[in-house]
Structure formats: structure tokens, C-alpha cells
There are 2 protein chains.
Amino acid sequence: MVAVWHCQEVTSANTAGAVRQGSLRELNLAVVLGRIAAAGRPPSRAAIAADTGLTRATVSAVVDDLIAGRLVAEVDPEPRTGAGRPARGLRLAADGPAGLGLEINVDYLAACVVDLTGAVRHHEVRRADLRPVSPSEALARLVELAGRAHAVADRLGLTLAGATLAVPGLVDAHGLVRLAPNLGWRDVDVPALLAGHPPLTGTVGGVPALTVDNEANLAALGELYAVPGTASFLHVSGEIGIGAGIVLDGVLFRGARGWSGELGHVPVDPAGPRCRCGGRGCLETYAGQEAILGAAGLSEADLPADTAARRLAHLAAAGDRATLDALHAAGNALGVAVAGVVNLLDLDTVVLGGGYATLAPWLRPPVAAELTARVLTAAWAPVSVRAAALGSESAAVGGAGAVVHRIVARPSGWLARRE
Amino acid sequence: MVAVWHCQEVTSANTAGAVRQGSLRELNLAVVLGRIAAAGRPPSRAAIAADTGLTRATVSAVVDDLIAGRLVAEVDPEPRTGAGRPARGLRLAADGPAGLGLEINVDYLAACVVDLTGAVRHHEVRRADLRPVSPSEALARLVELAGRAHAVADRLGLTLAGATLAVPGLVDAHGLVRLAPNLGWRDVDVPALLAGHPPLTGTVGGVPALTVDNEANLAALGELYAVPGTASFLHVSGEIGIGAGIVLDGVLFRGARGWSGELGHVPVDPAGPRCRCGGRGCLETYAGQEAILGAAGLSEADLPADTAARRLAHLAAAGDRATLDALHAAGNALGVAVAGVVNLLDLDTVVLGGGYATLAPWLRPPVAAELTARVLTAAWAPVSVRAAALGSESAAVGGAGAVVHRIVARPSGWLARRE
DNA sequence: GCTATTTGTTCAGTGGTTGAATTAAATGGT
DNA sequence: ACCATTTAATTCAACCACTGAACAAATAGC
């Protein structure tokens, strides 16, 4: 039996439920570990105590638990000025639990290992056109990559605490891929197909070993973890479809059924061309990959899927008029749609990810212009538009990051695991 | 000194910070009170214990505190079948703290008192055109209504625990009304103008006595409290502008700066008429009050502001062709814009509020049709569209409800108050 | 070397939950 | 009418985790 949870941010231990005696320690483990994770430089126990309001005694006890559980390590005190016993710095352990990030996309498979500190310790991409490959065959190849990642993690002294698989499609709460149009998948029961392949089976520390999630969502999480400081943003992911990952206050917003983020079918012009969704003038018909390629005079058949964005960037950099115009038009349409979202949600940052990251130099100006013109509060608080910091690896890294992020947010689960 | 907080949902006691010894009780007070509030019929201590996982001993102790603090009352056991000592039912006290809801709008002032159970115990509306009236004069009149509400609350044995003022405009975190275009207000410091007018001054139980918030936000909250069961929805409020209150998992979403919900300027047609925001073809130019009136052949000057929606409804009910067409067109545009939001946020319910509530019989069909056509997941999970349950009183009631809701969410603040 | 200062640990004390035993109040069978 | 049964609520010793103060450790400055 394979247990799979839809990847879900665990913000606090069990706020919803009752608070038992032991929850106190459980919550404070999370609080202290969170401070260590958030701190710029390794904080001392005393600093954490002053910061949280807990006593130094309590913080020491909590930290002992965290060190015993290999979540935190002590570092030598950094040279400090002034009198007093030097503090021992605390930082997240780089040899404790780690997350395994996996991705299946149209033209590649990827696996990576991210440790508690968020560092990518291993990364492997295997290019291959997966559209003609059956789901079970694709997953079998993925298991190979996962196995190698597992071996590398062992060698580095890391313990894999869970895995997240990114797929370009709608995923339900049980890890069932409802629809991944570009892969040609429909109702693929990933957990069932992976049954019996550790480390992708069973549970780790009470949490299912594998979660399956949408690629755009995980890419947004990757961006969140990679660039600390921006807690709320819209991550627009331009591929064949256009997905949006919405991060609000450091938490990925998923919607009632986990199907949020469909930006491609926001109407841009009701009299525009017919869209495959049945509507007219959806954003996708202006700023989707096919639309941009078409406007630039290229046909999708000309080139492998993975190089579309790079090909366009190459042409644009060379000054190709048709391409520049196509990108400008796409940027305008994107700006119109994103402005609506920004007005609605009062966001202050827009991140161009996926294929758009490559094209950001040409998309950013028209997008920013539309935002300035259409966002009501732009005069008071300008909206910043930037390219994603991570490249195509963002979804896998985001998935792996989600695993370790969950441990940091609720360390008690990891500490209570049977070794 | 008047202390004002921007109305903010307090979801849990102090999850962000450290958990002290006393927080345990603090959290469990909230948990137990929350169960009592959420339960359909008065639950017994034993049922709460079974439900939360706490022991009956703990629940009894917690309930004692709640009863002593006049937040909970015991009711006679309801006739039950089967053996065993009958349970004593627990319900929210109807004679404890209450919330004062106030509203200043273009053509009326309103005040209401809502008790802990959510019942509206007092409601007064005073119609008057407030556009020519200065802010201080308008607030002076509001203080009169607040005074009467205070007197009524006293007579009913209720203790006012705070007040919320709804205004049709942008409000910042300190209660400063940045801009209320339809009132003609700009940078009005409401708390300063109300200084010295209890019960609108100072703090109650550690929480500022008065919070100021946007009317559309509070109307959405009113809907949330009035119709239990729908935890996530989009509340569209059609007045001169078009505001959207976004409720996600029972929490009003406010955006980074509290300025979320601007739906009126979602683009519907980039080639459409110019909008006062500077863009083109914004939703407001199709489904705003003026637009509908214009399309129906009426001019705004013809009628007082408050009757626009009712006048349109009257004409539509009488079968007036121009009005029916105008409403149909507005509904279509609204449906297009809302479909984008629903796709983005994966919502399953849309509530037509404000002026749209009156016009719902005519707006609902085209809105629903557009949603069915444009929402990608509509085939799996249809989106329900319905009129708001509360009428024009929704913002005041929602504001008062927010006060008592805050107490239910964190009873320790109320219990710790100096009597 | 001595004092001041800051860090981290030890330890008795306390608040709040736990779990079992006890009391309370009803039903149902004989 | 009486008693066993059943469920509700309270009482009480035990225990767990945090508190606060005292103490030990480690450094800078004089």
C-alpha cells in the first residue's frame, strides 16, 4: 500500500486540533528551528531566547532535541567583539534529512537532492522525448534516476526524508494525475505504478514518502525557497500552457481542490481567436508557446519542445523583427492578464518563470508597462517584475525543497520517526 | 490616544511566536469554544472531549473558564434516547460580549449589534445623502447611532467588545481612509476624528475598540458568517465600482497591503471603451452601475444612488427590453471576468452581493453560462452562483460579526480583560 | 590576576494536561 | 420498586514542559 499525500504546506503543528501536553514541545521545536532557518547568520541559544521570549533553559532543551535528531548542528563561534562568553552558533544540519525532487516533463526527466539548508547537493537531468513513452515506462526510467540520487544521498551522509514528483498536469489529492495534456497522460495512478520502489513507497516519519504535484506549483515553491525575502508573488510559468503559482505570505495557494493557477484562460480579448478551452481570446492564444512561435513565423514542428524558448531568445537577441514583435505582443497580453490578477490579489511581485524566464529580457518591458498602466495602486507601490532565479530545474528543486521545508515547519514528525 | 487595528482575522492564538506555558490553556480555550461555535446543536463536554481528543477533565476545566467569562452558557439537556446521565448542552452565550457594526455609505449610515451567536440584536439605518457632508459631520452623526446601539446593548445585557466601521474605499492599516471616491473622502483619519467618543475609543481586552475596513471586505465576511458551510467563495459587490471579497478557507484574503479585491478593472475587452482607470474595456465599463443604467437608457442623475439597483430590478421585472438586455450584457461581462478569477483560484462558489444581489435573478443566468463555458474544471465540479443572503446591511453585520468572531477565535483576550 | 559580561546549564517550582477512580443522573429490565 | 447498566461530569495524584534564579563556563578589558 502506497500512501501519498497531496503536497500541502504544514504551517503549524496542529493548530486546528486540540493542544495536548506534548504539543507544547512540538510547537516550540518548530518555533526554534524556524528561527534558526530564518536567521541570516548562525544564532546563539541566547539570541533565540531573547527573540522568541522563551527562557534560555527552554531553548537549550529544545535545541538539544534538535541536535540529537540531526536537524541542527553547532558551529564554532564567529569572532565577536565585546566581553562575555562566546556564543555557539546554530545552523541547520547539512548531513541530516534531505528531500528528493523528481520531475517528469515533456522532454526530460530530472532528479535532485536538497538538504535542510536548501542547498542542491545532487542534480541529474536526462533528456528524452517522453511523449511517445508510456506512463509506466516513463516512471520506470524515473525510478533509475531516483535510485542514483538515493545512492548519492547515502554517500553524502544524507537521509532522504521524502520525495516530491512534479508533473505538468492536474494532480488530485491522492497523487492521481488526472490530466497531463502535453505528456498525453490521463488518469495515471502514479503511486500505484511506483509501488514497491523505495524510496518512493511507504511513509517516512509518519508522512508519505512520495507526493505528486503540479509542476507550476512546485516551480513557484522553488522560487520561494531560492529567493528569501519575497513572501507573496505570482509565478507565471510559460510553457505550452500558462500556469500561475500563487504564493501568499510564504504559502503556496492551491485552491479548494488544488487546481488553482490556471492563468492561460483568462480572457484577454473576447473577440479574439478561438481557444482550445472553448472560449475566445484567452491569454494562451496570445502568449502561449505555440502562439509566440506562430507569430514569429516558426512552426512548432521545426524544433524539439525544449528549445522553443531558447530558439526565440536566440532570434530576438539577433534582432529578428518578427520575433521581437511576437514577444512584444505576447508581453502585452501577459501584462493585461497579470494586471487583473495583481489588482485582485494586491500582489507586489511578478516572477517570470518556465519558458518566460529565458525570454524575460524581452517580455519584462511590455509586462511592466501594462502593470504600471493598469494596476490601480501602482502609483503608490510599484509592482516589480523579474525573471525566475532558478531555471528549468525549479520544479524538481522546489519539490525537494518542499520536503525539507515540511520538516523545518514541523520537526516533531521527523524526530518521532522510527529509525 | 485612539488605537486602531486594521480588521484582521486572528486564526490561532500566537502560532507565529513561541508557545509559553500559559499558551496551552489559551489555545485550548480557543479550540473548545470553536467547537461549541461550530457545532450544529449544543454539544456536551463529553462530546467535545471525544471530538478534540482532550480528556473530559481538561474540557471541563476549560469550559468552566468560558462560562465564568460569560462566553458560554449551559442549556438544559435536549431529550435524548438511550440510557445514561443526560448531557448538559453548551452553547455560545447570548448575553456576553457583542460586536458593534457601523457603516458609512453614500446614502446611509447604519449601526448594528451582533451577539456571540451571530444573531443581529439591533439594527438601525439612517438614510441621508452623505456626499455633501463633511467627514467630521458624517462621523458625528455616526456617533449618535453608535450611542443608541450602545444603550440598546446595555439594555439587552450585552457588553460591547469592539466596533468595526465599514467605509466604501481603501483603508490602510491604521484606519486611515486613503480614498473613498464615492463619498469624496481622501486621507480621512477616522480614529483621530472619533477620539473621545466611547465606545469607539481605546482598547477592549487588549484589542483596539475600533477597526476600520473596506465595505466590500466586510460584506464578504457578513456572508461568510451568515451562511455557514461555504468556506471559500468570491463575493462580488456591484456598486458604482465593483469590489470582490475573496474568502479562502473561512479567512478573508486581504493581500499584502490590504488592498485586494479590485475586480472592476479586470480587462474584459482591450478594445472597449476607455475607463477612468486609464485602461480600456475594464469590467466596470460593462457591469458597473453607471454602465448598466446607461445601457438601460437611464441616467444616473434620474434617481438617488440607493435606488439604482431597485429601479433596474423593477424595470426588468416589468419586462422592459432595454433593461433586460443591459442586465444580460452586464452579466456576460461579469461572467467573463469572474471566470478568470475562478480559474485562477479554483473557487467553487460565487456570491452576487451589493447591488448585484437585487439584480441576481437576471444576472445569474448569463454569469453561470459564462462560468460553465470558461471554467476548465466546470465539467468535474460545477461552480455555484447565488445571490448574497444578507442585503444592504451585510457590511455592518459583517463588521460586527468580525468583532465577535475575533473573540471566538481567541477568547483569552476577552477573558483576560480588566472588568 | 581580577572583574565585568555574556553564554549556557542545573534545579526546584509551577501551571496545565493526563488517566483513573468517583460521583451524578438517567434508562431499562426484572 | 429496585438494581444493573450506561453515559456525564468531577476529583485527585502523577507527570510533562516551561519558568526563574542561581551557577558554571568562557572571554575581554584593566
Side-chain angles (χ1 to χ4, degrees), chain A residues 13-14 17-32 36 41-68 72 74-90 411-412 415-416, chain B residues 13-14 17-32 35-36 39 41-68 72 74-90 411-412 415-416:
Chain A
N14 60 353
V19 184
R20 331 269 311 229
Q21 182 75 250
S23 315
L24 245 176
R25 173 53 64 90
E26 199 169 307
L27 289 166
N28 279 333
L29 283 165
V31 167
V32 170
I36 294 173
R41 53 196 59 221
S44 67
R45 293 165 172 79
I48 294 172
D51 201 22
T52 59
L54 295 168
T55 47
R56 294 197 304 267
T58 303
V59 173
S60 278
V62 169
V63 166
D64 285 348
D65 284 2
L66 293 173
I67 290 178
V72 164
E74 277 190 326
V75 296
D76 280 339
E78 63 179 294
R80 201 178 36 73
T81 63
R85 170 177 170 175
R88 314 224 52 186
L90 299 171
S412 50
L415 296 177
Chain B
N14 60 352
V19 185
R20 332 272 311 237
Q21 182 74 252
S23 315
L24 245 177
R25 173 53 64 89
E26 199 167 308
L27 290 166
N28 280 333
L29 283 166
V31 168
V32 170
R35 299 290 168 131
I36 294 173
R41 54 194 62 218
S44 66
R45 292 165 173 79
I48 294 171
D51 199 23
T52 59
L54 295 168
T55 54
R56 293 194 302 257
T58 303
V59 173
S60 279
V62 168
V63 167
D64 285 348
D65 283 2
L66 293 173
I67 290 178
V72 164
E74 278 189 327
V75 297
D76 281 338
E78 63 178 297
R80 200 179 37 74
T81 62
R85 169 177 168 177
R88 314 223 50 184
L90 299 170
S412 49
L415 296 178

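Proteins get letters first, then strands, A, B, ... in listed order; numbering begins at 1 in each.
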inquiry  = Is there a side-chain contact between B:Asn28 and the phosphate of C:dG16, meaning an N or O under 4.0 Å from OP1 or OP2?
reply    = no
query = Think A:Thr55 has a side-chain N or O under 4.0 angstrom from the OP1 or OP2 of D:dT19?
reply = yes
message = On the nucleotide D:dA17, are OP1 or OP2 found under 4.0 Å from the side-chain N or O atoms that A:Thr58 carries?
response = no
key: Side chain A:Arg20, main chain B:Gly53, donor-acceptor under 3.5 Å   = yes
inquiry  = D:dA9, OP1 or OP2 - any side-chain N/O from B:Ser44 closer than 4.0 Å?
reply    = yes
query = Which whole-number value in Å describes the distance from A:Ile48 CD1 to C:dG8 C1'?
reply = 12 Å
task = Answer yes or no: is there a side-chain heavy-atom contact under 4.5 Å between B:Gln21 and A:Leu24?
result = yes
message = Using a 4.0 Å heavy-atom cut-off, does A:Ala57 contact any base of the nucleic acid, only the sugar-phosphate backbone, or nothing at all?
response = base
query = If only side-chain N and O atoms of B:Arg56 are considered, is one of them under 4.0 Å from the OP1 or OP2 phosphate oxygen of C:dT17?
reply = no
ask   = Does C:dT17 have OP1 or OP2 sitting under 4.0 Å from an N or O in the side chain of B:Arg25?
value = yes
ask   = If only side-chain N and O atoms of A:Arg20 are considered, is one of them under 4.0 Å from the OP1 or OP2 phosphate oxygen of C:dT18?
value = yes
request  = Send over the distance from B:Leu29 CG to C:dG16 P, rounded to a whole Å.
outcome  = 10 Å
key: Interatomic distance, B:Glu26 CD vs C:dG15 P [rounded to whole Å]   = 16 Å
request  = For B:Asp64 and C:dT17, give me the distance from atom CG to atom C1', rounded to whole Å.
outcome  = 15 Å
query = So do the side chains of B:Pro43 and B:Asp51 get within less than 4.5 Å of each other, counting heavy atoms only?
reply = no
task = Flag the pair B:Arg88 / B:Arg45 as yes when at least one side-chain heavy-atom distance between them is below 4.5 Å, and no otherwise.
result = yes
ask   = For the pair made of CD in A:Glu74 and P in C:dT7, what is the distance, rounded to whole Å?
value = 14 Å
request  = Take A:Gly89 and A:Gln21, find for each the nucleotide of DNA chain C with the closest heavy atom, and name the residue whose nucleotide sits nearer the 5' end.
outcome  = A:Gly89
ask   = Can you check the A:Leu54 CG to C:dG8 P distance for me, whole Å?
value = 15 Å
request  = Round to the nearest Å and state the distance from B:Leu27 atom CG to D:dA17 atom P.
outcome  = 16 Å
ask   = Atom CG of A:Asp76 to atom C1' of C:dT7: distance rounded to whole Å?
value = 15 Å
ask   = For the base of C:dT7, is there a side-chain donor-acceptor partner from A:Arg85 under 3.5 Å away?
value = yes
query = Between B:Leu27 and A:Leu27, is any pair of side-chain heavy atoms under 4.5 Å apart?
reply = yes
ask   = Just to confirm, is there a sub-4.0 Å distance from OP1 or OP2 of D:dA9 to any side-chain nitrogen or oxygen of B:Ser60?
value = no
key: B:Arg45 or A:Gly22, whichever maps to the more 5' nucleotide of DNA chain D   = B:Arg45
